Amino acid sequence: MNNPHHLNPTSLKSRFTTRFLRALTKIRAQKPISSSSPTEIFRRYRRIKVAADKSMAYSVRSRRIWSRAMLWKLRSRSYRRQDPCSGRRSGKTNQAIMKKSSNENTTTRREDGVGFVEEADELRQLVPGGETMNLCNLLDETAHYIKCLTTQVQVMKKIADFYSF
């Protein structure tokens, strides 16, 4: 019958969990904790945060604007870290990638509603890739992004609970 303790392998939660646990295993194998200095703790925190973000974006794949924007941001950070002397950038810019997806349903801000312009601008700053979205796409992407963040928190909480006993 249906066992609630086994995840559907095609579910978002299952894909995220698998990728995130794999990433945590790699982080742990890279370099053992040598000190508990604030700098070392912050570096470890950043690696875990990047692993969580990357795992979630890859789990969603490129079906969502926010996941493409997040992956682009993570890749460009990695690219700059690997080759700081190079002034070249990759072929497509973040704006070009996001504009391609957002052009399908273009509307002006007046059509979006005058009362929501300030709130929408604030939301655009929170959702990856939100800067180029019209209000309709922004709300759709925000709802999906919140769902994914909720999944991320649930999985991380279960991992923490598992290791706290």
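As the structure is a prediction and not an experimental result, all values here were calculated from the model.
Between R124 and T132, every side-chain heavy-atom pair lies at or beyond the 4.5 Å cut-off. I159 is listed as a side-chain neighbour of L21, based on a closest heavy-atom distance under 4.5 Å. Within the 4.5 Å cutoff, the side chain of R22 has no heavy atoms near those of the T25 side chain. Side-chain contact between F20 and Q152 is absent, with no heavy-atom pair separated by less than 4.5 Å. Between R61 and L71, the closest side-chain pair of non-hydrogen atoms is not below 4.5 Å. Annotation: side chain of H144 is in contact with side chain of V60 (closest heavy-atom distance under 4.5 Å). At least one side-chain heavy atom of T151 sits less than 4.5 Å from a side-chain heavy atom of M56.
Between F42 and Y45, the ring planes are tilted. Angles from 30° to 60° get that label.
Linking ILVMFWY residues whenever their side-chain heavy atoms come closer than 4.5 Å, directly or via other members, leaves W72 and Y58 in distinct clusters. Linking ILVMFWY side-chain heavy atoms closer than 4.5 Å, directly or via other members, places I27 and V155 in a single hydrophobic cluster. With hydrophobic clusters built from ILVMFWY side chains whose heavy atoms lie under 4.5 angstrom apart, L138 shares a cluster with L149. V153 is not connected to F162 by any chain of hydrophobic side-chain contacts under 4.5 Å among Ile, Leu, Val, Met, Phe, Trp and Tyr, and they are in different clusters.
For the side chain to side chain contact (heavy atoms under 4.5 Å, CB included) with S59, the qualifying choice from K13, K54, R15 is R15, the only one to do so.
Here R46 contributes atom CZ and I41 contributes atom CD1; the two are 15.5 Å apart, rounded to the nearest 0.5 Å. From R68, atom CZ reaches atom CZ of R63 across 11.0 Å, with rounding to the nearest 0.5 Å. Within the model, atoms CE of M156 and CD1 of I48 stand 7.0 Å from one another, a figure rounded to the nearest 0.5 Å.
A23 and A51 make their closest contact through CB-CB, 3.7 Å (heavy atoms, listed as atom of the first residue, atom of the second, distance). Heavy atoms only, all atoms of each residue included: I65 and G129 are closest at CG2-O, 4.2 Å. The nearest pair of heavy atoms linking M70 to D53 is SD-O, 3.4 Å.
E141 places no side-chain N or O within donor-acceptor distance of the main-chain N or O of G130, the cut-off being under 3.5 Å. Proximity of a side-chain donor or acceptor of S67 to a complementary backbone N or O of R64 within less than 3.5 Å is detected. Checking side-chain atoms of S14 against main-chain N and O of T10 turns up no donor-acceptor pair under 3.5 Å. Side-chain N or O atoms of S55 include none that pairs as donor or acceptor with a backbone N or O of A52 at under 3.5 Å.
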>> L126 vs E122, test: side chain to side chain contact (heavy atoms under 4.5 Å, CB included). Steps then yes/no.
In response: CA-CA 7 Å; L126 297 173; E122 289 177 20; 5.9 Å; no
